[in-house]
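Contents: one structure, followed by commentary.
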Amino acid sequence: MKNIAVIGAGTMGNGIAHTFAQYDYKVQLIDVSQASLDKGMATITKNLDRMVAKESITEADKTRTLKNITTYTNLEEGVEYASLVVEAATENLDLKLKIFRDLDTFCPDDTILASNTSSISITQIAAATKRPGMVIGMHFMNPVPIMKLVEIIKGYSTSEATYTTVKELSEKLNKVPVEVNDYPGFVANRILMPMINEAIETLYNGVAGVSEIDTVMKLGMAHPMGPLQLADFIGLDVCLSILKVMYDGFKNPKYAPCPLLVNMVMAGKLGIKSGEGFYDYSESRRAENVAAMFR
């Protein structure tokens, strides 16, 4: 298994492509937008430069990694010889179902189809194909080149052979694979998103301010970053999407998104990606300045 196709050149997609390429897999990075591909490759180059500066890799390693990645705007061409496809497109069910239907048509019969979805049912995605036994969840954590965890989600029909192949592949990337069953939010987001949502509710109810809430969780609970800063880092639109999937899946009010989160997403305040969320990132990508509306 040496040819890996990655769909989506955004934050997760370029991180996944970087990681596979660094471990000498041939990567076909696919996105409908050439601009997104260019931006993704620029991000990979910048991250590799940072690793060279820290002496965790050499300049030769960087050059080899970049040579291992080829970009495509045409899905059919990009997956023609893929042994594994990792879909890392936007967290949108209809989009993912279309992609997997197309992959089922374009990919060789023995290609494993994986989704990096953070909450959507693998069983539902697999049902859009004629190879449900070869569909699996491969949920990497951000930033992918650094974070060790990979949640491996088995759908209702995922075969043991598919699971074993993906588990062993994850280990070859120096990751720690953890088997998870197919329920909304899986494990990571089922626990994380209610915490983030509760932090937003705490702010919404006026219990404390943005920096105060984050400081309590950092100093009191030893979290590396506060939940509001983390929400900005993930993207408030992504947080909202995951909470909606969990609320729809469980029909439990504890997963209902906070009205403040809903309003912020509607207003385009999405966190780092938009320049403002709970913090203002106009001067720095660090969460140093609380956004004006929360001061």
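On a predicted model such as this, the values are computed, not experimentally measured, just so you know.
With sequence neighbours left out, the side chain to side chain contact (heavy atoms under 4.5 Å, CB included) criterion links K154 to T158, E160, Y163, E179. Scanning for side chain to side chain contact (heavy atoms under 4.5 Å, CB included) contacts around V32 gives an empty result, with sequence neighbours left out. Residues forming a side chain to side chain contact (heavy atoms under 4.5 Å, CB included) with T165 (at least two apart in sequence, or on another chain): M1, I112. With sequence neighbours excluded, no residue forms a side-chain hydrogen bond (donor to acceptor under 3.5 Å, both in side chains) with S170. Residues meeting the side-chain hydrogen bond (donor to acceptor under 3.5 Å, both in side chains) test with T111, sequence neighbours left out: none. By the side chain to side chain contact (heavy atoms under 4.5 Å, CB included) test, F294 is found to be paired with L203, V210, L260, M264, F278, V290, A291, residues two or more places apart in sequence or in another chain being considered. With sequence neighbours left out, E59 forms a side-chain hydrogen bond (donor to acceptor under 3.5 Å, both in side chains) with no residue at all.
Remark: side-chain polar atoms of K273 are not paired, donor with acceptor, to backbone N or O of I234 under 3.5 angstrom. Side-chain N or O atoms of S274 include one that pairs as donor or acceptor with a backbone N or O of G271 at under 3.5 Å.
The structure places CE of M195 at 6.5 Å from CG of L230, a figure rounded to the nearest 0.5 Å. Separating the OH atom in Y23 from the CG atom in L173 is a distance of 7.0 Å, to the nearest 0.5 Å. In this structure, the separation between CE on M193 and CG on L243 is 6.5 Å, given to the nearest 0.5 Å. Separating the CG atom in D24 from the OG1 atom in T65 is a distance of 7.5 Å, to the nearest 0.5 Å.
Pairs engaging residues 195-213 under the side-chain hydrogen bond (donor to acceptor under 3.5 Å, both in side chains) rule: none recorded [sequence neighbours left out].
Under the 4.5 Å side-chain heavy-atom criterion for Ile, Leu, Val, Met, Phe, Trp and Tyr, M246 and I200 are members of the same hydrophobic cluster. Hydrophobic clustering (side-chain heavy atoms under 4.5 Å, transitive across Ile, Leu, Val, Met, Phe, Trp, Tyr) keeps L113 apart from L169.
Looking at K172 and E168, no side-chain N of the basic residue comes within less than 4.0 Å of a carboxylate O on the acidic one, giving no salt bridge. For the pair D104 and R101, the salt-bridge criterion is not met [side-chain N within less than 4.0 Å of a carboxylate O].
Tested against F20, the residues V27, N68, L29 include a single side chain to side chain contact (heavy atoms under 4.5 Å, CB included) partner, V27.
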Please assess D248 against K244 for the test salt bridge (Lys or Arg N to Asp or Glu O under 4.0 Å), listing each intermediate value before the final yes or no. CA-CA 6 Å; D248 290 343; K244 284 181 175 178; over 6 Å; no
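Other residues, nucleotides and ligands place no more than 12 heavy atoms under 6.0 Å from the OH atom of Y183. The number of heavy atoms from other shown groups lying within 6.0 Å of CZ (R285) does not exceed 12. In this structure, R286 places its CZ atom where only 12 or fewer heavy-atom neighbours from other residues, nucleotides or ligands lie under 6.0 Å away.
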Name every donor-acceptor pair, under 3.5 Å, that has one atom in a side chain of residues 36-43 and the other anywhere in the protein, sequence neighbours excluded.
unit_1 : atom_1 : unit_2 : atom_2 : d
S36    : OG     : S33    : OG     : 3.3
D38    : OD1    : Q34    : NE2    : 2.9
T43    : OG1    : K39    : O      : 3.0

Which atom pairs, one a donor and one an acceptor, fall under 3.5 Å between side chains of residues 4-17 and the rest of the protein, sequence neighbours left out?
unit_1 : atom_1 : unit_2 : atom_2 : d
N14    : ND2    : A9     : O      : 3.3
N14    : ND2    : G10    : O      : 2.7

Determine all donor-acceptor pairs shorter than 3.5 Å in which one atom belongs to a side chain in residues 84-94; sequence neighbours excluded.
unit_1 : atom_1 : unit_2 : atom_2 : d
E87    : OE1    : K96    : NZ     : 3.3
E87    : OE1    : S115   : OG     : 2.5
E87    : OE2    : A89    : N      : 2.8
E87    : OE2    : K96    : NZ     : 2.4
E91    : OE1    : T117   : OG1    : 3.3
E91    : OE2    : T117   : OG1    : 2.7
E91    : OE2    : S118   : N      : 3.0
E91    : OE2    : S118   : OG     : 3.2
E91    : OE2    : S119   : N      : 3.0
E91    : OE2    : S119   : OG     : 3.0
N92    : OD1    : D94    : N      : 3.1
N92    : OD1    : L95    : N      : 2.9

Could you give the side-chain donor-acceptor pairs of residues 72-81 under 3.5 Å, partners two or more places apart or in another chain?
unit_1 : atom_1 : unit_2 : atom_2 : d
N74    : OD1    : E76    : N      : 3.0
N74    : OD1    : E77    : N      : 2.9

